[in-house]
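For reference, the structure is listed below as structure tokens.
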Amino acid sequence: MEAESETPISTNPPPPLALPPLAPPQSDPSQSAPPKSAPSTLGKRKPCKKASVVWDHFTKIKCEDETSEARCICKYCKKDYACDGKRNGTSTLWHHLRSQCKSSPLRHEKRQKVLSFEGQAKGGNLVAHAFSKERCRIACVKMIIRDELPFSHVEGIGFREFMKEAQPRFDLPSRTTIARDVWDLYQEEKAKIKSVLTHNAQRVSLTTDTWTSIQNINYMVLTAHFIDDDWVLHKRILNFCVIPNHKGDTIGRLVEACLNGWGIDKVFTISVDNASSNDGCISYMKKRLEKWNSLIGDGSLLHVRCCAHITNLIVTDGMKEIHQSIESIRNCAKYIRGSSQRLEKFRACLEMEKVDTRTMVPLDVCTRWNSTYMMLESALKLQKGFERMEEDDPNFLGYFEEYEVHGKEKKKRVGPPTSLDWANTKVFVKFLKKFYDATLRFSASKTVSSNAPLHEICSFLEEIDTMMNVDDVVMCKIATMMKKKFDKYWGNVNNINKLFFVAVILDPRYKMEYVEFCLGDLVSDENGVNDMSLEIKTLVHNLYDYYRKQNPAAAQVFHRNVESEGSLHVNNDATKSSRLQKFLKSRRDKDVVEIRNEIDKYLLEPPVNLTNDEFKLLDWWKENATKFPILSNVAKDVFAVQASTVASECSFSTGKRVVDPFRSSLTPKTVEALICCSDWLRAEEFSYYKEPALDELDFYQALEKVEKGFLSFLH
């Protein structure tokens, strides 16, 4: 089933479409007959027959010897055919282009094609576009999925009128047909992803979370993260399935069932939030992975706590100390957004104060501190407008005299904000800016996030300690409350997943020196710093040994390279001097460090300049993967670890749009197909090319020797 709507589809674009030459027009034989005194052609070269146009779509394969059969390969689907000039004609090749090759521009097209330009992202090439009902139908299905449209969209009057004008030859499908095609496309895309994960024996890092839909159905989402052979970080939603309850054992069993369905048995980490039920899920998965012989070490690295969720808990505790100031500004936002007349009055106040009227204050979600931060930040820019409202609008002050229900009690509405409230908010917003930026870095799913937590945890600690020593009593109380929550989760360095330290070590800008520098801030005594530093170094070596056993051929390559680099060539005449011999010995004893493995070689290299803003971590490892064949495999899995569960939580936003009040009758399987396909179609393509291993190269060379020996025997 083809997924593109234009042709040609290949890695090498085929030449422009050329039509077969027309036969010469018939003429009167008496007029075309040569005269009797025609000049002799003796000594002149006989004109060659013009090559068939079919060779614009096929490429001849170069034969290794004269005994091999001449063959050619299709430029679109890569299928090969015999093409001996004496024994084979071109009719088979024409039949392939017109009837068999799904990517051929000549397929199912008897009329003249339409020339069109490809998109700007593809270079704007001029291509011949052929109408295909099958491709149009697939494009229609993808439109429904990507744009989150209801299945009944294809039966709408407007859509049918548009398609009648745009392409009257396209038979519009019904909503039932579209639903069936969505499921077929889901199965097809799932097979592609499954083949990549199983063929490469890919180790993945997982994120998971649960959600209750408007249908009152509990869903669990499972997302896989991994880096392919082209060093591109990928995120794929594996499952969006129904879960009966939120118990840890139930979540663990469902995760196991999902992994079995995908054929995945190598899991590096599982990132979850701090719900107590997730501890039971991790314990269950440790047992399963241990039985699958794919658990790394003792399983202490498997559980990754969501850093964004911990940050949310820390900041939320701090907000409790200035709840009154925040509540007064929130009530101001509620008032101006309560009616169109209030909003127009507020804009008039902004114009009189010469403040940009295009900026408005968004209402926050009380359970998400980052939305509260955005509300406060916007309100500070419009402070003059609110103060002018107090002077010009008597209803504004009257709004805060009213009572509102809080639980079983009636309380007077908080506000309007005083000058002290604005001052506290200004200092607090500036203080929260670092936490807000850190949350964005934790939440990244298209870029590496596993090297961010160590930086941000140390920055949080420094920021909180600084705020605890200021003269402002309110901010000192806020910092004290945040410090208590910080110590609960990150105060003990043993509570931090050690892979976050390994990720910084494998970042060539920081390496081990920066980890030891950070440990000085996180650990109080020097002995504790040394012990933790030794523990992290041991972990790096254990990971290296584990991956070396998985790929012994790559380890042999490294040792051969080290031996060739470390060989010492000294002039024989120079070594005759005993003084020079002593010098060489002393230099070896003092300066030369023994390189036993890739870790030693990597750490001895100078770090990359930290001020290089254009540095790309995965590109660096892609370029140096051949230098560190084992360590690069470790880095590939470590950098795929997610510092938060935001990647999975984002699917719930899609779920709310897919399962809206107008489509609440969708079955859970259809919901899963829509959400998964929406994620897969928006994702970046995989790199299917994989460097052959050494044992594979040896196998191919042995086959070539056998084949050559067999051919020589025939001769």
Side-chain angles (χ1 to χ4, degrees), residues 207 209 211 271-275 305-334 337 360-383 406 414-415 417 421-445 449 452-453 455-468 472 474-491 642-650 652-653 656:
T207 58
D209 207 346
W211 170 68
S271 299
V272 292
D273 60 25
N274 293 302
R305 296 185 182 274
C306 177
C307 294
H309 189 256
I310 295 175
T311 305
N312 180 63
L313 296 176
I314 294 172
V315 176
T316 302
D317 274 17
M319 283 184 171
K320 294 176 181 178
E321 290 297 322
I322 60 167
H323 173 73
Q324 295 292 325
S325 299
I326 296 175
E327 187 66 23
S328 64
I329 295 176
R330 182 183 291 121
N331 287 333
C332 288
K334 289 180 180 179
R337 300 176 71 92
M360 280 293 110
V361 181
L363 282 176
D364 66 329
V365 179
C366 299
T367 56
R368 294 188 177 272
W369 77 268
N370 52 345
S371 66
T372 304
Y373 166 82
M374 296 174 67
M375 180 190 70
L376 297 178
E377 186 183 38
S378 300
L380 286 173
K381 298 177 183 178
L382 307 177
Q383 178 182 349
H406 290 276
V414 180
D421 291 331
W422 288 114
N424 289 337
T425 302
K426 187 175 182 179
V427 176
F428 189 59
V429 166
K430 184 179 179 180
F431 174 60
L432 291 184
K433 181 68 166 62
K434 184 178 291 293
F435 294 86
Y436 179 77
D437 293 339
T439 301
L440 295 180
R441 283 189 282 271
F442 292 152
S443 306
S445 59
S449 62
H455 302 286
E456 303 305 336
I457 289 172
C458 294
S459 298
F460 291 169
L461 182 60
E462 182 181 5
E463 193 79 8
I464 293 173
D465 288 342
T466 302
M467 193 58 65
M468 289 176 65
D472 191 329
V474 176
M475 295 308 300
C476 185
K477 288 183 178 179
I478 292 173
T480 302
M481 293 294 294
M482 295 174 68
K483 184 66 164 57
K484 290 180 180 179
K485 187 67 71 172
F486 178 92
D487 291 340
K488 178 180 178 180
Y489 291 100
W490 290 328
Q642 294 297 294
S644 72
T645 60
V646 174
S648 291
E649 291 178 5
C650 287
F652 300 148
S653 299
K656 291 178 182 178

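Residues satisfying the salt bridge (Lys or Arg N to Asp or Glu O under 4.0 Å) criterion with Lys433, sequence neighbours excluded, are Asp437.
Screening residues 305-314 for side-chain hydrogen bond (donor to acceptor under 3.5 Å, both in side chains) gives Asn274-Arg305, Asn274-His309 as the qualifying pairs, with residues at least two apart or on separate chains. Residue pairs meeting the side-chain hydrogen bond (donor to acceptor under 3.5 Å, both in side chains) criterion with at least one partner in residues 368-379, sequence neighbours excluded, are Asp364-Thr372. For residues 309-328, the salt bridge (Lys or Arg N to Asp or Glu O under 4.0 Å) pairs, not counting sequence neighbours, are Asp317-Lys320, Asp317-Lys485, Glu327-Arg330. Residue pairs meeting the salt bridge (Lys or Arg N to Asp or Glu O under 4.0 Å) criterion with at least one member in residues 422-431, sequence neighbours excluded, do not occur.
Counting non-hydrogen atoms of other residues, nucleotides and ligands closer than 6.0 Å to CE of Met360 gives a total above 12.
Atom NE2 of His323 and atom CD1 of Ile326 lie 8.0 Å apart (nearest 0.5 Å). Interatomic distance, Phe431 CZ to Thr425 OG1, rounded to the nearest 0.5 Å: 14.5 Å. The structure places NZ of Lys483 at 12.5 Å from SG of Cys476, a figure rounded to the nearest 0.5 Å. Distance check: Tyr489 OH to Leu313 CG gives 5.0 Å after rounding to the nearest 0.5 Å. Considering CG of Asp421 and CD of Gln324, their distance stands at 8.5 Å, rounded to 0.5 Å. Here Ile310 contributes atom CD1 and Ile457 contributes atom CD1; the two are 7.5 Å apart, rounded to the nearest 0.5 Å.
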Step by step, would you call Phe460 with Met482 a side-chain contact (heavy atoms from CB on, under 4.5 Å)? CA-CA 10 Å; Phe460 291 169; Met482 295 174 68; over 6 Å; no
Given the rule in the side-chain contact (heavy atoms from CB on, under 4.5 Å) test, do Glu456 and Cys307 qualify, once you have shown the distances and angles that lead to the verdict? CA-CA 10 Å; Glu456 303 305 336; Cys307 294; over 6 Å; no
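Closest non-hydrogen pair, Val361 versus Ala379, comes out as CG2-CA, 4.0 Å. Residues Ala643 and Ser449 come closest through the heavy atom pair N-OG, 3.3 Å. Between Thr645 and Asp273 the shortest heavy-atom distance is CG2-N, 3.8 Å.
No donor-acceptor pair closer than 3.5 Å links the side chain of Ser443 to the backbone N or O of Val646. No donor-acceptor pair closer than 3.5 Å links the side chain of Ser648 to the backbone N or O of Asp209.
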List, one per line, each side-chain donor-acceptor pair under 3.5 Å for residues 461-468, sequence neighbours excluded.
from   : atom 1 : to     : atom 2 : distance (Å)
Thr466 : OG1    : Glu462 : O      : 2.8

